[in-house]
Amino acid sequence: MKILLTGGAGYIGSHTAVELAEAGYDVIIADNFCNSSPVVPERLEKITGKSFPFYEIDVADKNALRRVFDENEIDAAIHFAGYKAVGESVKVPLSYYRNNIDTTLSLLEVMAEYGCKNLVFSSSATVYGERAKLPYREDMETGPCASPYGWTKLFIEQIITDHTKADLDFSAVILRYFNPVGAYESGLIGEDPKDIPNNLMPYISRVAVGNLPCLNVFGNDYPTPDGTGVRDYIHVCDLAKGHVAALEFAAKNSGTEIFNLGAGKGISVLEMISAYEKACGHEIPYKIAPRREGDIAEFYADAKKAFEILGWKTERDVSEMCRDSWNWQSKNPNGYEE
Ligand code: WQD
């Protein structure tokens with residue numbers, strides 16, 4: 001079976017490409033490399049020994065997408081392509097709405113033209129909004145979202161849900177990611193944000209490798225065990241395996257189904273720092289800084305539904321997340337830039 005990964009050269013997409021190839025699927029990548037590297041497909045070939053044909057296109061461009069579908073018998077699509085920086089989305093909301101929604105509408109419309117009826121969508125725990133009670137459960141109310149980025153994910157979930165109500169043969173699985181971290185064990189692919197990372201793990205990794213001087217811990221006065229923010233971190237390889245399970249579920253069902261992909265427990269910033277120090281073998285310099293606007297004290301998943309229905313759960317712990325992040329960063333101190 002041929003699976004189209006939009007944004008497949010990105011962090012989650014590339015790790016999912018490996019798991020799909022290892023599960024026997026053929027993978028086609030469509031990516032404009034705006035937040036990923038053209039080096040990735042050849043890294044994927046090195047890891048798996050398989051080829052990863054890729055199309056450097058804007059997924060919002062329907063004619064470009066049509067070319068992909070003309071040249072490949074696509075059985076299903078996993079939609080990763082989209083802007084995803086929370087802070088940036090507050091500064092340029094229109095470009096987030098335009099890009100994230102246009103790419104989705106173009107993909108759904110071209111899939112309909114070619115009779116491709118299976119979709120997995122990359123959503124986010126951020127759709128639960130700030131009022132949600134812990135642990136987050138799929139049947140909970142969603143919103144209000146803390147950023148335009150979050151709203152794009154929630155609007156896209158609605159678009160997909162409405163589409164599957166209109167086309168009863170269409171099958172969609174929406175995956176709400178918690179906090180993906182880590183990298184594939186070979187150290188050939190990993191998280192490589194452009195500019196200064198917003199997220200904790202890539203920031204710690206760059207401090208550990210000496211590219212940044214010190215980590216700012218955004219607040220230690222939260223109502224959490226050690227006062228720092230608590231999140232549900234999930235190893236990116238566990239997350240990728242969740243996509244293979246979701247794809248298999250979509251192929252056997254119709255309608256829309258939503259799953260949390262998380263470990264179901266929280267880890268604090270200070271706990272993550274100490275786990276990373278064990279993994280890299282040296283101290284991570286940090287200082288306590290003011291809280292970051294928009295942050296909440298803690299959130300983590302109720303991960304039961306994915307286990308009960310998909311038979312999927314996380315297998316890697318925080319020490320493996322840090323070990324694999326460090327392995328990637330120390331082998332690629334400047335990310336994919338040679
Ligand atoms: C984690 C914790 C920070 C950086 C975001 C998006 C979410 C999803 C995952 C896409 C918090 C603290 C962070 C730093 C710090 N992305 N922190 N110093 O904000 O939970 O979630 O990424 O779907 O949508 O919102 O992740 O890694 O930015 O923060 O102290 O330099 O680390 O305060 O407690 P977050 P994060």
Side-chain angles (χ1 to χ4, degrees), residues 7 10-13 35 79-90 96 100 121-130 132 134 136 142-154 156-157 174-182 191 193 195-208 211-236 239 242-243 260-263 265-276 284-301 318 321-322 325:
Y11 175 43
I12 317 291
N35 193 20
H79 184 34
F80 295 103
Y83 297 156
K84 62 161 195 167
V86 171
E88 183 187 53
S89 75
V90 176
Y96 269 67
N100 291 5
F121 172 60
S122 157
S123 190
S124 165
T126 199
V127 303
Y128 285 108
E130 295 152 0
L134 294 174
Y136 290 174
T142 49
C145 297
S147 70
Y149 159 76
W151 282 114
T152 67
K153 290 298 186 183
L154 193 52
I156 293 167
E157 289 194 7
I174 291 171
L175 299 177
R176 290 175 179 166
Y177 304 164
F178 282 72
N179 288 53
V181 294
E191 190 170 11
D195 312 324
I196 305 279
N198 297 301
N199 296 139
L200 179 68
M201 197 58 136
Y203 203 105
I204 290 180
S205 299
R206 292 208 187 157
V207 171
N211 285 356
L212 287 170
C214 171
L215 169 74
N216 291 308
V217 174
F218 296 142
N220 67 344
D221 57 353
Y222 282 106
T224 59
D226 63 20
T228 63
V230 170
R231 296 291 185 271
D232 182 332
Y233 297 97
I234 169 174
H235 195 293
V236 66
L239 187 72
H243 288 71
N260 286 335
L261 292 190
K265 64 182 176 56
I267 291 168
S268 77
V269 176
L270 292 181
E271 286 170 330
M272 188 60 90
I273 292 170
S274 90
Y276 206 101
I284 302 286
Y286 71 86
K287 63 180 190 304
I288 303 297
R291 291 182 177 189
R292 178 173 64 177
E293 202 187 325
D295 271 352
I296 58 177
E298 67 178 311
F299 63 84
Y300 51 89
V318 65
M321 295 175 202
C322 294
S325 278

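Only this structure's heavy atoms are used, side chains among them; waters, hydrogens and symmetry mates stay out. The chain is numbered in sequence order, starting from 1. Read the numbers this way: they start at 1 and go in the same order the structure lists the ligands and their atoms. These figures come from a predicted structure and were not determined experimentally.
- Scanning both residues, D226 and T228, for their nearest heavy atoms gives OD1-OG1, 2.6 Å.
- Side-chain atoms of E298 and T224 include no donor-acceptor pair closer than 3.5 Å.
- Each of the atoms 10 (C), 23 (O), 24 (O) of ligand 1 lies under 4.0 Å from some heavy atom of Y149.
- Heavy-atom distances between Y222 and ligand 1 stay at or above 4.0 Å for every pair.
- Counting protein heavy atoms only, atom 29 (O) of ligand 1 is closest to R292 NH2, 3.3 Å.
- Looking only at heavy atoms of the protein, atom 22 (O) of ligand 1 is closest to N199 ND2, 3.2 Å.
- In this structure, R176 is not positioned above the aromatic face of Y136 in the sense of NZ or CZ being under 6.0 Å from the six-membered ring centre and within 45° of the axis.
- Residues P202 and P193 share a closest heavy-atom pair of CB-CG, 3.8 Å.
- Here the protein heavy atom with the shortest distance to atom 33 (O) of ligand 1 is D295 OD2, 2.6 Å.
- At a heavy-atom cutoff of 4.0 Å, ligand 1 is contacted by the side chain of T126 but not by its backbone.
- The shortest contact between atom 12 (C) of ligand 1 and any protein heavy atom is with V269 CG2, 3.7 Å.
- The nearest pair of heavy atoms linking S325 to M201 is OG-CG, 3.6 Å.
- The nearest protein atom to atom 11 (C) of ligand 1, hydrogens excluded, is given as R231 NH2, 3.8 Å; this is a heavy-atom distance.
- Contact record, R231 with F299: NE-CE2, 3.3 Å, taken as the closest heavy-atom pair.
- Although no hydrogens or angles enter the test, the distance criterion places a donor-acceptor pair under 3.5 Å between the side chain of N100 and the main chain of Y83.
- Nearest protein heavy-atom contact of atom 30 (O) of ligand 1 is F218 N, 2.9 Å.
- Listed by number with element, the atoms of ligand 1 under 4.0 Å from a non-hydrogen atom of V86 are 6 (C), 25 (O).
- A side-chain donor from one of E88 and Y96 sits under 3.5 Å from a side-chain acceptor of the other.
- Of the protein's non-hydrogen atoms, the one nearest atom 34 (O) of ligand 1 is G229 CA, 3.5 Å.
- Residue contacts with ligand 1 include Y233, since one of its heavy atoms falls under 4.0 Å from the ligand.
- If you check each of N179, I288, V127, V181 against atom 9 (C) of ligand 1, the one with the closest non-hydrogen atom is N179.
- Counting all heavy atoms, side chain and backbone alike, S89 lies closest to P148 at O-CG, 3.2 Å.
- The backbone of N216, and not its side chain, has at least one atom closer than 4.0 Å to an atom of ligand 1 (non-hydrogen atoms only; backbone = N, CA, C, O).
- Residue, atom and distance of the protein heavy atom nearest to atom 24 (O) of ligand 1 are S124 OG, 3.2 Å.
- Residue V217 approaches ligand 1 through these ligand atoms, each under 4.0 Å from one of its heavy atoms: 30 (O).
- Near N198, meaning under 4.0 Å from any of its heavy atoms, are these atoms of ligand 1: 4 (C), 28 (O).
- Side chain of R206 to backbone of I196: no donor-acceptor contact under 3.5 angstrom is found.
- Residues T126 and G150 approach most closely at CG2-CA, 3.5 Å, considering heavy atoms.
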